[in-house]
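Scroll down for the structure; my scribbles are underneath it.
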Amino acid sequence: MRYNIIILFLLFFCFPISGALNSAYLAICIAIGDILIYNKTSRLFFLFKITYIKNLLLATCLITVLAALWTLIIGAKDFSLTAAFFSVLIGIISLTIVLASLHINNLEIDTIEEICVNVFVLQSLISIAAFILPTFREIVHHFQFSNEAEQAEMAYSGFRGLAISGRLYFEFAATCGLIVFVQFKRIVNMKSPNYFEFVKLFLLIICGFFAGRTSLIGIGFGLTYLLFSHKEIADKFAFIWRLIIMIMALIVSAVLLLPGTIIEFVTEHFLPWVFDLFIKYFETGSTESSHSFTMLNEMYKNVTITSDEWIYGSGYFMSPNGIGYYKSVDGGYIRHLLYWGIIGSIINIWYGLIYFFKPIKLSANYNNRLYIFLALVYTFFVHYKGDLASTSRFYHVILICLLLPYVLVNKPYYFKYYKCGRNRYCPAVGR
């Protein structure tokens, strides 16, 4: 299990290590070594032959080429969107290699979800330690890109950007929200969840707080899943009750154990920032006084879109001078509309939906279908705030990792290996 957590941690968070060395490249090298040492090449070939993976690779190649041709035909020559799609393509290939190396028999739903949750729990513990210990925070900053580490210290008073990650803000927060939702789903479907799983859920929520307020959306989707899932009413109330007890116990423990200066900072700065939208609504009855929420809505409302941009876009994803986003907007839907108009936006949305079609089609279980459907809605809901549903390698690598087991659920022997010699694993099919 330790290998699985470490290798996925390196791949998921894609953080700088030294010079040009990136943790994702390190993960790929380790995974290839593991595949060769333990003779897991048949696993690797099998995964690349799966229709789901082949379709994603083909669709990503096509939309990458299309994005490049689009900007060339228009004459904008901005290939930033092309590069983003190509990055997703590299992410799919990298994930497939790493999954083939995992020290597990099958890519089972429960196993993969547990590993992903544990990876983010580890990241949460790192963020908490960096928040409490300034010396540890300095160590963490060495594994971040310098511009983002500087922004974390100067713009957010030291309570954001505390993760060992190549993405510290929107994409990280959105992914934390997804993992919070996954943990809700895991606990709901457990026959008798222990309190340790609720501790994990609490830590994941805290991890999201350090990343950004977008992660709070994952809690809402988790509660929605709880509400509509096929589960006894008594079990649903028990879930809420145990969650409340655990949160209260952990809060009391934090108050008793943490220094007064930390508690004061949390109550006066950190929590007001996290719950700004709810506080403003409670105080004024409106969200208009919430700066980030208002700015996001005004971005969609006030941007000027020409008739040509409505139809086929401008071919610009970034500003022509190379500084900032085109027309200074970063909302996912509006950025793609400005790049390749309604025509290209429809293609882009279709591409984003491809990730979910086969998993939801092959899921016979109602709760699984509900989970995948809500994950789809979550992805396109958060896409309103930033470009997430199609070009975020950080998000899509984790999304595919979570969805792939649903495609393979009816293939019980596809990944099964038994140890048949020193440093060697052999196929168990036919045994």
Side-chain angles (χ1 to χ4, degrees), residues 4-17 20-32 35 43-44 47-68 79-102 107 112 115-116 119-120 123 145 163-176 178-179 182 317 332 336 348 351-356 358-359 375-376 379 382-383 386-407:
N4 300 333
I5 293 173
I6 292 171
I7 197 74
L8 286 180
F9 187 97
L10 293 172
L11 178 69
F12 286 173
F13 296 112
C14 201
F15 53 88
I17 297 177
L21 181 60
N22 188 288
S23 67
Y25 303 146
L26 180 61
I28 296 168
C29 292
I30 294 172
I32 291 174
I35 290 169
R43 288 184 172 191
L44 183 62
L47 288 176
F48 274 114
K49 289 179 181 178
I50 295 171
T51 304
Y52 180 67
I53 294 295
K54 289 194 295 187
N55 287 345
L56 288 180
L57 289 172
L58 177 61
T60 307
C61 286
L62 291 175
I63 201 168
T64 302
V65 173
L66 179 63
F79 296 100
S80 53
L81 181 60
T82 305
F85 280 124
F86 184 74
S87 180
V88 174
L89 178 65
I90 298 300
I92 297 171
I93 296 171
S94 304
L95 175 66
T96 307
I97 294 171
V98 169
L99 289 179
S101 78
L102 293 184
L107 290 181
I112 293 299
I115 295 171
C116 290
V119 167
F120 275 79
Q123 187 68 270
F145 292 108
I164 295 179
S165 176
R167 293 290 185 271
L168 294 178
Y169 303 110
F170 169 70
E171 289 177 87
F172 187 26
T175 309
C176 282
L178 177 66
I179 299 298
V182 170
F317 204 61
H336 282 275
N348 185 70
Y351 170 75
L353 291 171
I354 290 174
Y355 288 82
F356 299 91
K358 199 169 188 68
L376 184 157
T379 301
V382 178
H383 186 69
D387 189 20
L388 186 77
S390 57
T391 61
S392 171
R393 182 177 75 167
F394 186 94
Y395 183 82
H396 279 79
V397 164
I398 298 170
L399 182 67
I400 297 169
C401 186
L402 292 167
L403 293 179
L404 182 59
Y406 290 89
V407 176

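Each residue takes its place number in the sequence, starting with 1. Everything numeric here is computed off the predicted structure, so don't read it as measured data.
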Closest approach of [X] to [Y] (non-hydrogen atoms, all atoms of both residues):
| X | Y | value |
| --- | --- | --- |
| H383 | L388 | ND1-N, 3.0 Å |
| A100 | I35 | CB-CD1, 3.9 Å |
| K49 | K54 | O-CE, 3.2 Å |
| P359 | Y52 | CD-CE1, 3.7 Å |
| D387 | F170 | N-CE2, 4.1 Å |
| R393 | S87 | CD-O, 2.8 Å |

- Query: Can L178 and V382 be said to form a side chain to side chain contact (heavy atoms under 4.5 Å, CB included), step by step?
  - Reply: CA-CA 10 Å; L178 177 66; V382 178; over 6 Å; no

- With distance as the sole criterion, is a donor-acceptor pair present between the side chains of Y395 and T379 under 3.5 Å? yes

- Anything under 30° is parallel, anything over 60° is perpendicular, the rest tilted; go ahead and classify F13 against F394. tilted

- Which word best sums up how the rings of F85 and Y351 line up, parallel for under 30°, tilted for 30 to 60°, or perpendicular for over 60°? perpendicular

- Message: side chain to side chain contact (heavy atoms under 4.5 Å, CB included), that's the test. Do L107 and L47 meet it? Break it down for me.
- Response: CA-CA 11 Å; L107 290 181; L47 288 176; 4.0 Å; yes

- Are the side chain of R43 and the backbone of L99 linked by a donor-acceptor contact shorter than 3.5 Å? no

